[in-house]
Amino acid sequence: MQTRIAVAGVHGHGATHVTNAHRYGDLVAIADPRPPDDVGVPVFASLEELLAATEVDVVVISTPIQTHVPLAELALRAGADVLLEKPPTASLAEFDHLSKVIEETGRACQVGFQAQASAATWQLAQLVTDGGLGEIRGISATGKWLRKAGYFDRAPWAGRRTLNGVAVVDGAVTNPLAHSTAAALLLDGSTGVDDIASVETDLFRANDIESDDTSTVRITTTRGTSILIAVTLCAAEQAEPAVIVHGSRGRAVLNYTTDTLELPDSRQVLARGDLLQNLIAHRADPAVPLYCSFAATGGFTRVVEAIRLADEPAVIADAFVRWEGEGADRHPIVHDVEHWIDRAADELALFGELPAPWTTP
Ligand SMILES: NC(=O)c1ccc[n+]([C@@H]2O[C@H](COP(=O)([O-])OP(=O)(O)OC[C@H]3O[C@@H](n4cnc5c(N)ncnc54)[C@H](O)[C@@H]3O)[C@@H](O)[C@H]2O)c1
């Protein structure tokens with residue numbers, strides 16, 4: 001029998017999950033308060049109503065961050081396995097709560113970090129473990145993205161730290177470029193909640209939002225690695241994010257959006273698996289490991305928690321920002337942000353330590 005799949009949240013990124021549910025199983029129902037047109041399966045206004053009326057094996061949750069935990073708990077307690085979009089939770093307390101629900105119900109929960117389904121990521125992780133890059137000086141991640149006003153205007157939770165008193169933590173590090181941090185932690189073998197020794201945050205924003213859009217974060221793992229994340233949503237143009245391993249025998253660069261792995265002496269494009277297909281395989285045979293189990297997002301969630309608890313991001317002064325476009329296309333460009341991101345990544349330094357010009361009064 002085909003795996004019976006329900007999808008919660010089908011506009012935005014959820015549309016990909018609907019396509020995937022058809023590809024890898026049997027899409028039996030959809031939950032979304034904004035019903036989609038002509039989908040050919042029953043549509044419910046809430047996941048609760050869906051689960052009351054439908055037999056489901058797997059629930060895919062692609063809804064606003066602050067709804068992840070209650071919806072995942074509903075699905076797990078109804079006996080379903082879950083594919084939960086990233087970031088899985090907005091706080092460590094939520095992470096602990098959902099960990100207990102997973103343990104109690106004995107169900108599986110895969111998290112939507114699709115870069116972890118890439119052979120490029122796993123091959124580099126193996127190379128690091130085998131010492132192929134020598135001694136690791138550090139790991140860094142760069143993200144130079146351009147997001148326009150329409151991105152932040154698409155939903156009430158976009159760019160928010162909280163909504164109606166509930167944690168959202170939708171900033172550049174924790175959401176759009178979250179794969180960078182998750183992949184860097186995976187490469188260090190530090191995905192667990194107890195693998196993080198400290199997290200230093202240096203958060204800024206040029207957009208008129210609550211959250212950070214131009215940030216550096218330095219994570220020190222309990223094995224002693226420095227991981228420096230340097231990202232912006234205010235680049236002059238969109239570039240591929242990169243995760244860089246700095247080894248004594250050279251550096252390796254992972255472009256996780258294209259599954260490209262650049263090593264000191266080669267460049268390869270590798271295959272990518274699928275998170276839903278892998279969850280279905282894991283259901284059939286628990287010996288098949290999940291690409292990204294909920295437990296393996298504990299280290300990432302420690303970073304989310306540090307950003308949640310950090311002071312509000314500092315506003316980047318007008319002198320360092322140029323605005324382009326009109327209406328939904330309007331967007332800020334932080335002067336030379338690409339240069340400062342590259343320096344932060346090379347030197348494993350926070351923007352304020354370089355110092356990038358907008359960080360000094
Ligand atoms: N893995 C990735 O690369 C990737 C990419 C983009 C977004 N995402 C993640 O996917 C999730 C959704 O992001 P988005 O940008 O599509 O958000 P969005 O706000 O644009 O869309 C969310 C959808 O969920 C629906 N929804 C809201 N509350 C709901 C509820 N209680 N029950 C059911 N449906 C509900 C909305 O009507 C909408 O259809 C977020 O966690 C986001 O971080 C992941």
Side-chain angles (χ1 to χ4, degrees), residues 6-20 29-37 39 41-52 54 56 59-75 78 80 82-90 94 98 109-118 121 143 145 147-148 150-160 163-164 166-183 211 233 238 240-241 256-259 272-276 278-279 291-292 294 297 300-301 304 307 328:
V7 179
V10 295
H11 301 287
H13 187 60
T16 320
H17 290 298
V18 169
T19 307
N20 252 2
I30 279 170
D32 199 305
R34 200 150 53 90
D37 299 329
V39 278
V41 297
V43 177
F44 298 85
S46 72
L47 182 61
E48 198 165 12
E49 290 164 83
L50 182 155
L51 291 168
T54 324
V56 188
V59 176
V60 181
I61 298 173
S62 185
T63 58
I65 299 167
Q66 70 279 11
T67 66
H68 285 183
V69 173
L71 295 182
E73 182 166 5
L74 271 178
V82 167
L83 170 52
L84 176 61
E85 261 308 338
K86 52 79 194 112
T89 72
E94 284 188 338
L98 203 51
C109 182
Q110 170 105 293
V111 175
F113 281 120
Q114 68 268 17
Q116 307 202 5
S118 173
T121 307
W145 275 10
R147 286 289 178 268
K148 300 178 177 176
Y151 172 79
F152 294 109
D153 291 342
R154 80 186 190 288
W157 62 279
R160 300 299 299 262
L163 192 62
N164 305 323
V166 177
V168 177
V169 203
D170 181 25
V173 178
T174 49
N175 194 16
L177 286 153
H179 301 282
S180 302
T181 301
S211 292
L233 303 178
Q238 181 88 358
E240 295 295 343
Y256 59 78
T257 49
T258 56
D259 304 304
R272 174 171 315 191
D274 180 85
L275 295 171
L276 179 60
N278 169 244
L279 176 60
Y291 286 129
C292 185
F294 185 77
T297 62
F300 171 81
T301 305
V304 173
I307 291 175

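Numbering of ligands and ligand atoms starts at 1, following listing order. Here, residue 1 is the first one in the sequence, and each next residue gets the next number.
In this structure, a donor-acceptor pair under 3.5 Å is present between the side chains of E85 and H17. D259 and S118 share a side-chain donor-acceptor pair at under 3.5 Å.
More than 12 heavy atoms of other residues, nucleotides or ligands lie within 6.0 Å of CD in E73, so this atom counts as buried by the packing criterion.
In this pair, F113 and F300 present their aromatic rings perpendicular. The plane angle is above 60°, beyond the 30 to 60° band.
Taking K148 as the reference, nothing meets the side-chain hydrogen bond (donor to acceptor under 3.5 Å, both in side chains) condition, with sequence neighbours excluded.
The side chain to side chain contact (heavy atoms under 4.5 Å, CB included) with L84 is formed by just one residue from the set V60, V69, I61, T297; it is I61.
Annotation: ligand 1 has protein neighbours G9, V10, H11, G12, H13, A31, D32, P33, R34, S62, T63, P64, H68, L71, E85, K86, P87, G112, Q114, R154, A155, W157, N175, H179, each with a heavy atom less than 4.0 angstrom from the ligand.
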